[in-house]
Amino acid sequence: MKLNDINLNNLKVVIFDFDDTLAIHKDREFSKHRSESEENFINFYLNAYMNPNYFYDEIEPCTRSETLYNLIKKLRNKNIKMYCLSAMKFSFHLKAKQSFINKHYGEDIEVISTSLQELKLKGVKIIQKINNCNLDEILFIDDRQDVIELLNQNRVKAVVVNDIEEAL
């Protein structure tokens with residue numbers, strides 16, 4: 001599915017992934033580096049928990065996606081509800097993710113976590129119930145093709161973030 005195939009006027013909810021979707025990591029190997037040793041792993045989550053207000057700006061530097069920032073402004077003008085659904089091993093960096101989004105996109109996008117990428121489908125269905133809408137009124141944007149395919153196979157409009165950059 002491509003963004004050009006979707007009428008934004010028919011959407012009630014848009015859900016974004018975090019890593020390499022809303023937050024573009026400057027270190028492309030970020031997840032590999034934090035898993036190189038137990039010390040790196042623990043320090044990553046400790047730093048995120050202790051320093052949420054600047055973790056993704058200074059410690060694990062990320063930039064916002066200008067393409068998605070511009071899309072989010074359009075979605076806001078259409079009063080479309082937005083969420084970030086991020087797969088996380090732990091919630092120690094949930095506040096850091098929320099802080100990054102608040103700072104770089106605005107304070108109206110709530111971060112919710114799943115423990116596995118595969119649970120994003122169930123997360124979408126819970127968000128559907130919260131917003132009392134149909135699955136076809138939801139758009140999901142992620143950088144992972146496997147997540148996009150899983151959602152599309154289950155009647156959720158989902159597009160890979162690169163397709164949005166091409167469409168806009």
Side-chain angles (χ1 to χ4, degrees), residues 13-73 75-76 80-131 138-151 154 156-165:
V13 175
V14 175
I15 305 167
F16 301 92
D17 173 52
F18 184 81
D19 293 303
D20 290 329
T21 302
L22 289 176
I24 311 305
H25 288 267
K26 290 184 179 176
D27 176 3
R28 304 305 296 160
E29 302 288 319
F30 72 98
S31 62
K32 179 181 161 197
H33 292 152
R34 73 176 171 222
S35 298
E36 286 174 342
S37 69
E38 183 175 349
E39 183 181 5
N40 285 6
F41 186 86
I42 290 169
N43 284 336
F44 173 85
Y45 291 103
L46 177 66
N47 274 321
Y49 187 80
M50 300 297 287
N51 306 294
N53 294 330
Y54 62 88
F55 180 77
Y56 284 109
D57 293 313
E58 296 175 22
I59 298 169
E60 176 67 50
C62 293
T63 58
R64 81 173 176 200
S65 161
E66 291 305 316
T67 302
L68 292 182
Y69 179 74
N70 291 326
L71 176 62
I72 286 168
K73 289 193 292 189
L75 299 173
R76 249 184 217 118
I80 295 172
K81 182 77 175 139
M82 293 175 281
Y83 295 88
C84 173
L85 188 58
S86 182
M88 297 189 245
K89 286 184 175 93
F90 297 112
S91 63
F92 288 112
H93 55 318
L94 183 75
K95 288 179 185 168
K97 288 183 177 194
Q98 187 69 65
S99 176
F100 179 86
I101 289 173
N102 290 352
K103 238 186 277 183
H104 296 281
Y105 293 98
E107 297 188 3
D108 58 344
I109 301 171
E110 181 181 358
V111 178
I112 299 172
S113 70
T114 68
S115 59
L116 301 168
Q117 295 292 340
E118 300 79 44
L119 288 173
K120 286 183 175 179
L121 175 60
K122 289 186 176 158
V124 168
K125 290 179 178 180
I126 294 167
I127 291 170
Q128 171 200 6
K129 300 272 186 214
I130 291 168
N131 289 279
I138 297 174
L139 171 63
F140 197 100
I141 300 168
D142 203 313
D143 64 309
R144 292 184 50 152
Q145 189 62 43
D146 59 330
V147 173
I148 298 303
E149 289 170 9
L150 172 68
L151 294 171
N154 286 278
V156 177
K157 291 177 179 139
V159 295
V160 70
V161 70
N162 295 346
D163 289 346
I164 291 181
E165 291 165 354

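Of all heavy-atom pairs spanning Cys62 and Phe100, the tightest one is O-CE1, 3.7 Å. Heavy atoms only, all atoms of each residue included: Phe18 and Cys84 are closest at CB-SG, 3.6 Å. Nearest heavy atoms, His25 versus Glu60: ND1-OE2, 3.3 Å.
Here the CD1 atom belonging to Ile138 is positioned 11.5 Å from the CD1 atom belonging to Ile80, to the nearest 0.5 angstrom. To the nearest 0.5 Å, atom CG of residue Asn53 and atom NZ of residue Lys95 are 10.0 Å apart. One finds the OG1 atom of Thr67 at 8.5 Å from the CD1 atom of Ile164 (value rounded to the nearest 0.5 Å). Atom CG of Asn162 is separated from atom CD1 of Ile141 by 12.0 Å, given to the nearest 0.5 angstrom. The line from CD1 of Ile112 to CD1 of Ile15 is 8.0 Å long, rounded to the nearest 0.5 Å. Interatomic distance, CD of Glu39 versus CG of Asn43, reported as 5.5 Å (0.5 Å rounding).
For the pair Tyr105 (side chain) and Ser65 (backbone), a donor-acceptor distance under 3.5 Å is present.
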Item to check | side chain to side chain contact (heavy atoms under 4.5 Å, CB included) assessment of Leu68 paired with Thr21 | outcome: CA-CA 8 Å; Leu68 292 182; Thr21 302; 3.7 Å; yes
Checklist entry - When you look at Asp163 and Ile148, which way does the side chain to side chain contact (heavy atoms under 4.5 Å, CB included) test go after all the steps? => result CA-CA 11 Å; Asp163 289 346; Ile148 298 303; over 6 Å; no
Next on the checklist: With side chain to side chain contact (heavy atoms under 4.5 Å, CB included) as the criterion, how do Tyr54 and Ile59 come out once you've worked through the C-alpha distance, each side chain's angles and the decisive distance to 0.1 Å?
Outcome noted: CA-CA 7 Å; Tyr54 62 88; Ile59 298 169; 4.0 Å; yes
Item to check | Asp17/Val147 under side chain to side chain contact (heavy atoms under 4.5 Å, CB included): CA gap, chis, key distance, verdict | outcome: CA-CA 10 Å; Asp17 173 52; Val147 173; over 6 Å; no
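Using a cut-off of 4.0 Å between Lys/Arg side-chain N and Asp/Glu carboxylate O, Arg76 and Asp108 are scored as salt-bridged. Salt bridge present: Asp146 and Arg144 bring a charged side-chain N and a carboxylate O closer than 4.0 Å. Between Lys97 and Asp19 there is a salt bridge, since at least one side-chain N of the basic residue sits less than 4.0 Å from a carboxylate O of the acidic one. Taking a cutoff of 4.0 Å between a charged side-chain nitrogen and a carboxylate oxygen, Glu66 and Arg64 qualify as a salt bridge.
Phe16 is not listed as a side-chain neighbour of Ile101, based on a closest heavy-atom distance of 4.5 Å or more. Residues Tyr83 and Asn131 have side chains in contact (heavy-atom distance under 4.5 Å, counting atoms from C-beta outward). By the 4.5 Å heavy-atom criterion applied to side chains, Phe140 and Ile127 are not counted as neighbours. Looking at His104 and Asp57, their side chains come closer than 4.5 Å, going by heavy atoms from C-beta outward. Using a 4.5 Å heavy-atom threshold, the side chains of Gln128 and Val13 count as separate. Side-chain contact between Ile109 and Ile72 is present, with at least one heavy-atom pair separated by less than 4.5 Å. For the pair Lys89 and Phe41, the minimum side-chain heavy-atom distance is below 4.5 Å.
Side-chain atoms of Gln117 and Lys120 form a donor-acceptor pair, as typed in the model, at a separation below 3.5 Å.
Surrounding OH of Tyr45 are more than 12 heavy atoms belonging to other residues, nucleotides or ligands, all under 6.0 Å away. Remark: Lys122 NZ is loosely packed, at most 12 non-hydrogen atoms of other residues, nucleotides or ligands lying under 6.0 Å away. In Lys81, the NZ atom is crowded: over 12 heavy atoms of neighbouring residues, nucleotides or ligands sit closer than 6.0 Å.
A centroid separation of less than 6.0 Å is found between the aromatic rings of Phe55 and Phe44.
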